[in-house]
Amino acid sequence: MKSTFAATNLTLEQQLGQKLMLDFRYYCEQDSQQKCRQAVTELPADLAKVITKHNIGGVILFAENIDSISQVVKLNNAMQQAAAKSSLGAPLFISIDQEGGRVARIPRDVATSFTGNMSIGASYKVHGTKFATESAQVIADELKALGVNVNYAPTVDVNMNPDNPVINVRSYGEDPTLVSILGGAQVAGFEGNGVITSLKHFPGHGDTNVDSHTGLPKVMHDKETIWAKDLPPFQRIIKEQNPGMIMTAHIQYPALDSSTFVSKDGKTMIKPATMSHKIITELLRDEMGYQGVVITDALDMAGISHFFEPIEAVVNTFAAGVDIALMPIEIRSPKDLVVLDQLIARLVSEVKKGNLNADDVATSAQRIINLKSKFKLTTELNESLAMQKAQLILGDESHRKIEAELALAAITEVKNDKRTLPIKLSANSKVHIIMPDTRKCIALQQALLANSQHPISFSCTSLQGFEPIATLKAINDADIIIAGNASPNQSAVEVGGMDDLSDNPSFAIAKAEQGPALERLLKQAQLADKKTIFVSLRAPYDIATFGQYADAILATYAYNIDVDNSVKVAGPAFTALAKVLVGEKPAQGTLPVTVNGINNN
């Protein structure tokens with residue numbers, strides 16, 4: 001890449017190509033009526049030509065694009081080579097969602113994924129910004145080694161709503177100052193290590209009870225609340241860090257912009273932030289002073305795609321002042337490449353007609369080029385050397401050590417009656433574990449065995465499906481009950497399989513019934529006068545429901561399993577939990593959100 005570019009020297013088509021961030025998640029080289037599910041792990045010639053022909057500005061990777069370390073390095077290099085052949089020759093933004101915790105696209109046994117933002121928030125009182133900084137530095141090291149140069153992180157939404165289905169533990173907590181401090185530390189950690197950040201989701205996704213992947217949330221805060229709660233992390237980090245990118249939210253904020261649009265099915269609706277000139281240009285750019293690159297959240301999310309045709313959505317986001325359209329159209333087969341041609345032709349036409357301001361488009365393209373220059377992005381790579389280096393860096397022992405330290409620092413003791421903790425395990429103690437699925441039972445069982453001096457007898461109840469009479473007997477026979485819950489409910493992709501139902505599908509429990517089933521089991525344990533420990537495995541708000549039935553309560557904020565094979569099932573949160581349960585390590589974390597009846601008095 002040349003050291004400097006001037007957008008004034010770019011053709012309009014080159015400018016517009018730089019403003020598109022495409023996903024190549026799946027691609028089938030033949031058009032078909034069937035939905036294409038051919039994962040792109042090598043770059044097809046069609047897609048290489050698209051990058052070159054249209055001077056595409058960037059791509060986003062998904063888990064489907066990742067088979068192995070050497071394969072990802074090769075794929076990313078191939079995409080950069082295609083960019084090098086374009087008329088502009090500018091390198092690509094190669095981006096990914098690798099927040100850590102719940103959101104990690106690289107397999108957990110390969111890359112260091114950490115236990116996520118709320119665990120960092122829980123560690124703050126004792127450890128300050130240590131884990132925010134170190135986790136970002138580690139993730140940046142590993143992404144950079146693969147050839148990834150943009151991470152859609154950190155999430156600086158302030159989680160004010162216990163029913164938030166999409167943010168919850170992806171947030172550091174409910175205090176805007178805490179979120180500002182930890183988000184700023186992560187931006188410095190990422191960008192100081194050569195990976196561009198994208199603060200999300202502007203102007204704030206923290207007080208929603210709708211997931212913008214599946215609908216269009218509306219935040220009814222007044223302006224005073226927005227400036228006191230939602231905006232401070234963005235405001236402070238813009239001022240102190242000037243992050244490379246900020247990502248918009250597909251959310252309606254009537255107090256910021258109550259203007260309307262007519263959806264594709266004829267409904268009059270309030271504009272989402274992604275398409276609001278008032279929010280993107282007047283608020284973020286003019287009032288808050290952000291002059292970096294603004295990118296949309298994925299435009300295929302229902303918060304946009306239910307209401308707009310894809311090309312209309314892109315035109316609207318650019319008119320609002322957004323720089324980059326993320327996943328503007330679905331590219332799955334050759335017929336979609338025709339739609340991409342149509343999109344670019346339409347955008348050219350909108351500029352020529354004056355519906356999109358030509359100077360604004362040129363300025364936007366210049367911002368993108370400036371950011372690539374600032375981070376010294378390049379299309380040149382020694383592939384074999386890069387592969388060797390990446391093999392050494394990803395999941396490195398020193399990285400795993402920091403991951404384990406964060407998991408432990410986050411564990412929070414919320415209650416400990418009757419000196420229940422630490423648990424006293426003697427020879428042949430009987431421990432009954434209740435977990436959202438069998439794999440988590442095994443992970444905790446193995447972690448406890450690794451930290452016990454004695455043989456222990458274990459039994460397990462999976463909340464995906466169990467036989468009630470056998471479970472009641474196991475509870476009555478046990479010396480200690482350890483019950484875990486993950487709330488909000490896990491998605492199928494997180495559970496990873498239906499192994500729990502293979503023995504007897506008739507005992508399957510619907511997701512909505514798993515909470516009430518756990519409550520019944522905890523009541524049975526209480527009636528049987530068993531020492532019971534409740535573990536909140538994700539957002540700790542569930543302690544308000546289940547904690548009343550337990551003698552002791554712990555929160556872990558994560559339950560991810562990194563290793564899952566015929567010999568070992570393990571994850572850093574379970575290892576840390578076991579150490580605290582048996583008293584090998586103290587619980588040092590503090591709740592970063594208010595839990596009804598616990599820390600709100």
Side-chain angles (χ1 to χ4, degrees), residues 1-2 4-22 54-60 83 86-93 95 149-150 152 196-200 202 238 242-249 271 273-299 304 310-329 340 343-375 377:
M1 177 182 175
K2 300 168 201 164
T4 57
F5 282 88
T8 49
N9 298 332
L10 272 57
T11 65
L12 182 55
E13 286 82 356
Q14 287 173 332
Q15 292 171 6
L16 292 166
Q18 285 296 295
K19 286 168 62 62
L20 302 178
M21 185 84 78
L22 304 181
H54 289 303
N55 288 277
I56 295 300
V59 295
I60 177 172
S86 67
S87 60
L88 184 57
L92 289 166
F93 288 133
S95 63
N149 49 43
V150 176
Y152 297 119
I196 298 162
T197 57
S198 179
L199 290 192
K200 58 189 187 185
F202 185 83
I238 288 167
N242 188 29
M245 292 189 189
I246 289 179
M247 177 180 278
T248 68
K271 278 183 186 172
T274 298
M275 298 182 176
S276 164
H277 189 272
K278 278 187 178 176
I279 292 173
I280 303 303
T281 298
E282 294 172 32
L283 173 62
L284 179 58
R285 292 242 187 262
D286 299 342
E287 196 168 349
M288 296 175 70
Y290 181 63
Q291 298 308 315
V293 170
V294 177
I295 185 168
T296 69
D297 206 341
L299 290 174
I304 296 297
I311 290 177
E312 299 303 320
V314 178
V315 171
N316 277 284
T317 60
F318 287 172
V322 170
D323 295 305
I324 297 177
L326 175 60
M327 298 167 62
I329 58 167
L340 181 62
L343 167 64
I344 291 172
R346 169 73 186 280
L347 291 169
V348 168
S349 165
E350 293 293 324
V351 174
K352 289 185 172 167
K353 286 182 195 166
N355 295 334
L356 288 175
N357 183 290
D359 289 341
D360 289 347
V361 170
T363 302
S364 177
Q366 185 67 62
R367 272 192 210 104
I368 291 162
I369 295 299
N370 289 350
L371 186 57
K372 291 180 177 184
S373 296
K374 179 182 173 183
F375 279 82
L377 303 194

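Residues Val314 and Leu299 are in side-chain contact: their nearest non-hydrogen atoms beyond the backbone lie under 4.5 Å apart. Put simply, the side chain of Leu347 does not reach to within 4.5 Å of the side chain of Val361, judged on heavy atoms. Between Leu326 and Met247 there is a side-chain heavy-atom pair separated by less than 4.5 Å. Residues His277 and Glu282 have side chains in contact (heavy-atom distance under 4.5 Å, counting atoms from C-beta outward). Counting heavy atoms from C-beta outward, Thr281 and Asp360 have side chains that stay 4.5 Å or more apart. Contact check for Leu340 versus Leu22: side-chain heavy atoms found under the 4.5 Å cut-off. At a threshold of 4.5 Å between non-hydrogen side-chain atoms, the residues Leu283 and Lys278 do not count as touching.
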Show, in sequence, the C-alpha distance, side-chain angles and deciding distance for Met327 and Met21, and conclude whether the side-chain contact (heavy atoms from CB on, under 4.5 Å) test is met. CA-CA 6 Å; Met327 298 167 62; Met21 185 84 78; over 6 Å; no
Ile238 vs Leu284, test: side-chain contact (heavy atoms from CB on, under 4.5 Å). Steps then yes/no. CA-CA 10 Å; Ile238 288 167; Leu284 179 58; 3.8 Å; yes
Let's go through Ile304 and Thr317 carefully: what are the C-alpha distance in whole Å and the side-chain angles of both, what is the deciding distance for side-chain contact (heavy atoms from CB on, under 4.5 Å) to 0.1 Å, and is it a yes or a no? CA-CA 11 Å; Ile304 296 297; Thr317 60; over 6 Å; no
Assess the residue pair Leu10 and Asn55 against the criterion (side-chain contact (heavy atoms from CB on, under 4.5 Å)); give the C-alpha distance rounded to whole Å, side-chain angles, the decisive distance to 0.1 Å, and a yes or no. CA-CA 11 Å; Leu10 272 57; Asn55 288 277; over 6 Å; no
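Side chain of Arg285 to main chain of Ile279: no donor-acceptor pair is present (N/O by atom type, distance under 3.5 Å, no hydrogens or angles). A donor-acceptor contact shorter than 3.5 Å links the side chain of Thr363 to the backbone of Asp359. The backbone N or O of Phe202 sits nowhere less than 3.5 Å from a side-chain atom of Thr248 that would complete a donor-acceptor pair.
Identified under the salt bridge (charged side-chain N to carboxylate O under 4.0 Å, His left out) test for residues 343-357, with sequence neighbours left out: Glu312-Arg346, Arg346-Glu350.
Checked against Met245 for a side-chain contact (heavy atoms from CB on, under 4.5 Å), the options Leu199, Thr197, Ile324, Val294 give a single hit: Ile324.
Residues satisfying the side-chain hydrogen bond (donor to acceptor under 3.5 Å, both in side chains) criterion with Ser364, sequence neighbours excluded, are Lys19, Asp323. Take Asn242 and apply the side chain to side chain contact (heavy atoms under 4.5 Å, CB included) test, not counting sequence neighbours, and it matches Tyr290, Lys374.
Leu356 contributes atom CG, which lies 9.5 Å from atom CG of Leu12 (distance to the nearest 0.5 angstrom). Between the CD1 atom in Ile246 and the CD1 atom in Ile295 there is a gap of 12.0 Å [rounded to 0.5 Å].
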